Protein chains: 4
Amino acid sequence: MKLFVEKGIEGTTTREIAEAAKAGEGTMFRHYKSKEDLAWHLFDENLTRFVKELEDDIQRYSTTHQKLRAMVEKCYALFETDRILTSYLLLSEHTAARRMPTDYKTPISILLALVKQGQTQGELRPMDPHLAAALVFGAILRVTIFKIYGSIDRDLREMVDEVTDSCWKMIQV
Amino acid sequence: MKLFVEKGIEGTTTREIAEAAKAGEGTMFRHYKSKEDLAWHLFDENLTRFVKELEDDIQRYSTTHQKLRAMVEKCYALFETDRILTSYLLLSEHTAARRMPTDYKTPISILLALVKQGQTQGELRPMDPHLAAALVFGAILRVTIFKIYGSIDRDLREMVDEVTDSCWKMIQV
Amino acid sequence: MKLFVEKGIEGTTTREIAEAAKAGEGTMFRHYKSKEDLAWHLFDENLTRFVKELEDDIQRYSTTHQKLRAMVEKCYALFETDRILTSYLLLSEHTAARRMPTDYKTPISILLALVKQGQTQGELRPMDPHLAAALVFGAILRVTIFKIYGSIDRDLREMVDEVTDSCWKMIQV
Amino acid sequence: MKLFVEKGIEGTTTREIAEAAKAGEGTMFRHYKSKEDLAWHLFDENLTRFVKELEDDIQRYSTTHQKLRAMVEKCYALFETDRILTSYLLLSEHTAARRMPTDYKTPISILLALVKQGQTQGELRPMDPHLAAALVFGAILRVTIFKIYGSIDRDLREMVDEVTDSCWKMIQV
DNA sequence: TATGAATGAGAGTTCATTCAT
DNA sequence: GATGAATGAACTCTCATTCAT
């Protein structure tokens, strides 16, 4: 995954993968049909797990604000724990991500549901929920990109409240 | 550029480029040292022009809110006029983009300056200007991605005010 | 053998062989030194047995015509009983067949001896015995190829006499 | 073609082909889509030409015996002129040969037509024409195989009359 | 003795780049 | 200056063979 994030899937050779895995060149192909297949499994399994955890976290809270905060927290915790995984799941747009079926559950679909619910409950102002989700999701994730590029230094977990509140302002009633 | 956006730089062959340009296979190499060099020039020249126009647009206004609005308007006008160019300059993370020197003037650096100035003038609340820029830039751009994926239907130029105001809420005093 | 005939020896993978034999991938190598070795044993043992039976059959008759008939009958009986074996032993030109020592006893060498004897006994007209053997052997076997390709429908065992007589005409006094 | 005949199509590497052609490894792929495609074109073009010449030769004669003789002569002339081509077109059963459409004009289909015509004209005895063709074609070709293996020494062109007459006996009235 | 995961040499193929025309 | 045939390094992937279990 490290290689895929750093050099892209196309840009990573199967030989490099084998070396990184300290395995023979052909070994990968006993486990995955192709390089693309490996990339897809890496994406699919990790995203599924992340989404499940994300749902669990959100479920614990009742207000939309709290749920949003949980989401930001989850994303930034993942980032500080495993930057590569975050990049692979949330920041890169690779071939693997394009294989997703349209009904796939993703962080975006969860955020969208959250927004719709918040609007129904009158916590959020009426607006195109897709627009709201786009604004919030973009804001949250771009912070991680800035951190990667070094513009932001602080541990993102310290910034959860600040980011949550900023996003909240965009969508609250 | 269309090919680069659709299939990635690595994923585009020089033969495809030649075909699309209705030129011979070797012709490209008389104008650019390599495929990567072409990608870089395509990026560099267009970004420079866009940034210049963006600066001109912003300059016309005095308040930070107006300037921010001008920026959103410029980005969304570009998107609706030339999606491919927008993708190539603002949405894709390709090798070409990584060649940029650190002191390069980009939409982000312009936004950052705008935020700093707004904070000095007391229009924006005190906060890490990088964080503010990240939140705003992320919000603005993610809307275009949603539009590309079809979640948003409207012409983005109609949404300039709504997006500007939403972003403004995140950073205003 | 089925796989070897259908896809060639080179074209058959050891994994396919293992599957077909309902054995593990490595098991074959405990019995044969290599895939080629398996192919050779399969060829050698079956050809030896077939040649022995062929000799026995021929021995039962005294006239050359009868012996020739016995040979045709034997070949066509084998074909109708076991097409794959016939293909493997008589029709395919594979690596295994090329391993044969020059003094190897084959259907051809038997036919050649038969022709020589027939000429000595004055039943066959004087001619290069190799030419005679070639003509007869070619005629007999090509019928099976036509049958495989579907140009001939009848059971070859019904055609033994017609084929024998046709061949006989080529070589009789 | 030499390599294909000697080692089979599967058994010949593209590297060997390039070396034999004194060309780079990639050059072949500018002219043919794949190794199999090269094999097919080599087969198709040469067989088409040979069949055309064969038809021309046969056309010159009026009696079936003469036509048959022309066919034998043509095959053996090809053999003595270009053994490799003969092997590739007439003796090997390779993947390329299997690509042939069923309505393809081949030496066999020509021989079959010749037999049918001869039977209609009363020159040949009544029998399954496919059987007749198989017997004759097998006899003619097996002689070349014997020559390749060294059992027959003479120039096949000297043997045209003998082979023709032998075959004739099988099918004449 | 049988297994099947691991191996790595080598296969077919692609494609950025060169250069004679 | 433009071309496109030729190139060969490097790619993904296959598969006969090995060997620890």
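Quick caveat, the model's predicted, so the values are computed rather than measured. Numbered from 1 within each chain, the chains take letters A, B, ... in sequence-line order.
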Who are the ring pair (Phe, Tyr, Trp, His ring centres under 6.0 Å) partners of B:Y88, not counting sequence neighbours? B:H94

Between A:M28 and B:H31, which is nearer to the 5' end of DNA chain F once each is assigned its nearest nucleotide? B:H31

Residue met sooner reading DNA chain F from 5', once D:A23 and C:R30 are mapped to nucleotides: D:A23

Are the side chain of [X] and the backbone of [Y] linked by a donor-acceptor contact shorter than 3.5 Å?
X      : Y      : result
C:N46  : C:L42  : yes
C:K105 : C:I110 : no
A:K147 : A:E80  : no

Which pair of non-hydrogen atoms, one from D:V5 and one from D:S87, has the smallest distance, and what is that distance? CG1-CB, 3.6 Å

Excluding sequence neighbours, so at least two apart, what forms side chain to side chain contact (heavy atoms under 4.5 Å, CB included) with D:K2? D:E6, D:I84

Under a 4.0 Å N-O cut-off, is there an ion pair linking C:R49 with C:E45? no

Looking at A:E36 and A:R98, does any basic side-chain N land under 4.0 Å from a carboxylate oxygen? no

Tell me which one of C:R99, C:M100, C:M1 satisfies side-chain contact (heavy atoms from CB on, under 4.5 Å) with C:F43. C:M100

Taking pairs as Watson-Crick (N1-N3 plus N6-O4 or O6-N4) or G-U wobble (N1-O2 and O6-N3), each distance under 3.5 Å, the stems of three or more consecutive pairs with DNA chain F are E:2-21 with F:2-21

Euclidean distance, atom CD of residue B:E25 to atom P of E:dA16 [Å, nearest integer]: 10 Å

For residues 15-31 of chain C, run the donor-acceptor check on the side chains, cut-off 3.5 Å, and write out each pair with its distance to 0.1 Å, sequence neighbours left out.
{"unit_1": "C:E16", "atom_1": "OE1", "unit_2": "C:T13", "atom_2": "N", "d": "2.9"}
{"unit_1": "C:E16", "atom_1": "OE1", "unit_2": "C:T13", "atom_2": "OG1", "d": "3.4"}
{"unit_1": "C:E16", "atom_1": "OE2", "unit_2": "C:K7", "atom_2": "NZ", "d": "2.5"}
{"unit_1": "C:T27", "atom_1": "OG1", "unit_2": "C:G24", "atom_2": "N", "d": "3.4"}
{"unit_1": "C:T27", "atom_1": "OG1", "unit_2": "C:G24", "atom_2": "O", "d": "3.4"}

Which residues, if any, of residues 2-20 of chain C bring a heavy atom under 4.0 Å of DNA chain F? C:T12, C:T13, C:T14

Need two values: the first and the last nucleotide of DNA chain F, 5' to 3', having an atom under 4.0 Å from any heavy-atom of chain B. F:dG1 to F:dG4

First of D:K33 and C:G26 reached from the 5' end of DNA chain E, by closest nucleotide: C:G26

